[in-house]
There are 2 protein chains.
Amino acid sequence: MSENVGITAPTCAIGYAFKAIEGKWKLPVMYVLSEHGTARYNEIKRELGITNMMLTNTLRDLEEFGLVNRVQYNEVPPRVEYSLTDNGYAIIPALKEFEKWGQLLLDAKPEAEEGENEND
Amino acid sequence: MSENVGITAPTCAIGYAFKAIEGKWKLPVMYVLSEHGTARYNEIKRELGITNMMLTNTLRDLEEFGLVNRVQYNEVPPRVEYSLTDNGYAIIPALKEFEKWGQLLLDAKPEAEEGENEND
DNA sequence: CAGTATCCAAACGGATACTG
DNA sequence: CAGTATCCGTTTGGATACTG
């Protein structure tokens, strides 16, 4: 495999974007950060129901891609705040489109396969 | 876990969108279909360098979500054509935003960590 | 509080063989 | 051609316990 053409080419914009958000948690974490502006480790964790390992790895990956800032305050108890970089922020329009799409999907699902409770 | 609030709530638009595209191949397959309009099984397979199992499973999942149409022609040799449904098509704006974002990321990466060859 | 370490399960991926 | 089935190794994800 590894045919480096089309989507899989390292210089392909959409392919690079896909790589940047690969994995289950990249987009959710970025979404939370986009909403909070700044969020602490356990804040993100609580909000997403993600495990330590996954959150740590996801944040590391996002840092390496230059999408997330990590600021550590040497206090007791320790405080670490995460936020989006400029490049990270730039994903928000895409996220908004995704949200609109998700809403469309929900609206187009009148059968409500799993929405047997409307006490919402 | 399974705190059904916020992003993880089944009625959350962005959460539902995340679920719909979960997995490594959903977006790439939808992207290929958005470009081709209609594509045959082996066409998608070649373009993405994806295995039979992964492609089959991905297409099934997308069908179940109502995002992809499968049209089978009873010819010899058999021909099966895949295309996006209306709901599937509706993801294109998001995809375009993603592409723009990917381009931004590529442009903002002058160091070219892996682009040691410019004979492209 | 913000992580690491460890172990285990599920998803992913490749090769090969087989089917309609 | 368009899959399905199986085996198997690797990667990713999750639960729990533990550390600075």
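Excluded from the calculations below are hydrogen atoms, water molecules and symmetry mates; all remaining heavy atoms, backbone and side chain alike, are included. Quick note on labels: first sequence line is chain A, next is B, and so on, each numbered from 1.
Looking at B:Thr85, its side chain does come within 3.5 Å of a backbone N or O of B:Gly66 through a donor-acceptor pair. Proximity of a side-chain donor or acceptor of A:Lys26 to a complementary backbone N or O of A:Glu22 within less than 3.5 Å is detected. Remark: side-chain polar atoms of B:Trp101 are paired, donor with acceptor, to backbone N or O of A:Asn87 under 3.5 angstrom. The backbone N or O of A:Asn52 sits less than 3.5 Å from a side-chain atom of A:Tyr41, completing a donor-acceptor pair.
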Problem - Test side chain to side chain donor-acceptor pair (under 3.5 Å) applied to B:Tyr89 and B:Ser83, step by step - result: CA-CA 9 Å; B:Tyr89 244 89; B:Ser83 57; over 6 Å; no
Problem - Audit row: A:Thr11, A:Tyr16, side chain to side chain donor-acceptor pair (under 3.5 Å) steps and yes/no - result: CA-CA 7 Å; A:Thr11 52; A:Tyr16 190 71; over 6 Å; no
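Distance A:Phe18 CZ to C:dC12 C1': 18 Å, rounded to the nearest Å. What separates CG of A:Leu55 from P of D:dA15 is a distance of 14 Å, to the nearest Å. As rounded to whole Å, 11 Å separates atom C1' of D:dC1 from atom CD of B:Glu75. Distance, B:Asn74 CG to D:dG3 C1': 14 Å, rounded to whole Å. The interatomic distance linking B:Leu59 (CG) with D:dC1 (P) rounds to 17 Å, in whole Å. Whole-Å rounding puts the B:Ile50 CD1 to D:dG3 P distance at 12 Å. The CD-C1' distance, from A:Glu63 to C:dA2, rounds to 13 Å in whole Å. For the pair B:Asn52 CG and C:dG13 P, the interatomic distance rounds to 13 Å; values are reported in whole Å.
Salt-bridge formation is detected for the pair B:Arg79/B:Glu81: a Lys NZ or Arg NE/NH1/NH2 atom is positioned less than 4.0 Å from an Asp or Glu carboxylate oxygen.
By the 4.5 Å heavy-atom criterion applied to side chains, B:Leu33 and B:Met30 are not counted as neighbours.
Within a heavy-atom distance below 4.0 Å of DNA chain C, the residues of residues 35-44 of chain A found are A:Arg40, A:Tyr41, A:Asn42. Near DNA chain D, meaning a heavy atom under 4.0 Å away, the residues from residues 77-85 of chain A are A:Pro78.
For A:Lys24, there are no salt bridge (Lys or Arg N to Asp or Glu O under 4.0 Å) partners two or more places apart in sequence or in a different chain. For B:Glu63, there are no side-chain hydrogen bond (donor to acceptor under 3.5 Å, both in side chains) partners, not counting sequence neighbours.
In the model, A:Glu99 has a side-chain atom that pairs as donor or acceptor with a side-chain atom of A:Tyr31 under 3.5 Å.
In plain terms, the two heavy atoms of B:Glu47 and B:Val32 that are nearest each other are CG-CG2, 4.2 Å.
Dashed line: the shortest gap from a side-chain N or O of A:Arg46 to OP1 or OP2 of C:dC1 is not under 4.0 Å. Here B:Thr56 does not reach the OP1 or OP2 of D:dA2: none of its side-chain N or O atoms lies under 4.0 Å away. Contact between the side-chain N/O atoms of A:Arg70 and the OP1/OP2 oxygens of C:dA2 is not found at any separation under 4.0 Å.
Between B:Phe98 and A:Phe98, the ring-plane angle classifies as perpendicular under the 30° and 60° cut-offs.
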Practice task
With pairs defined as Watson-Crick or G-U wobble and both distances under 3.5 angstrom, please note down DNA chain D as a dot-bracket string, | for pairing with another strand.
Solution key: ||||||||||||||||||||
Restricting to nitrogen or oxygen on both sides, can you table the protein-nucleotides 11-13 of chain D pairs closer than 3.5 Å?
residue	atom	partner	partner atom	Å
D:dG13	OP1	A:Lys24	N	3.0

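To the nearest 0.5 Å, atom OG1 of residue B:Thr56 and atom CE of residue B:Met53 are 8.5 Å apart.
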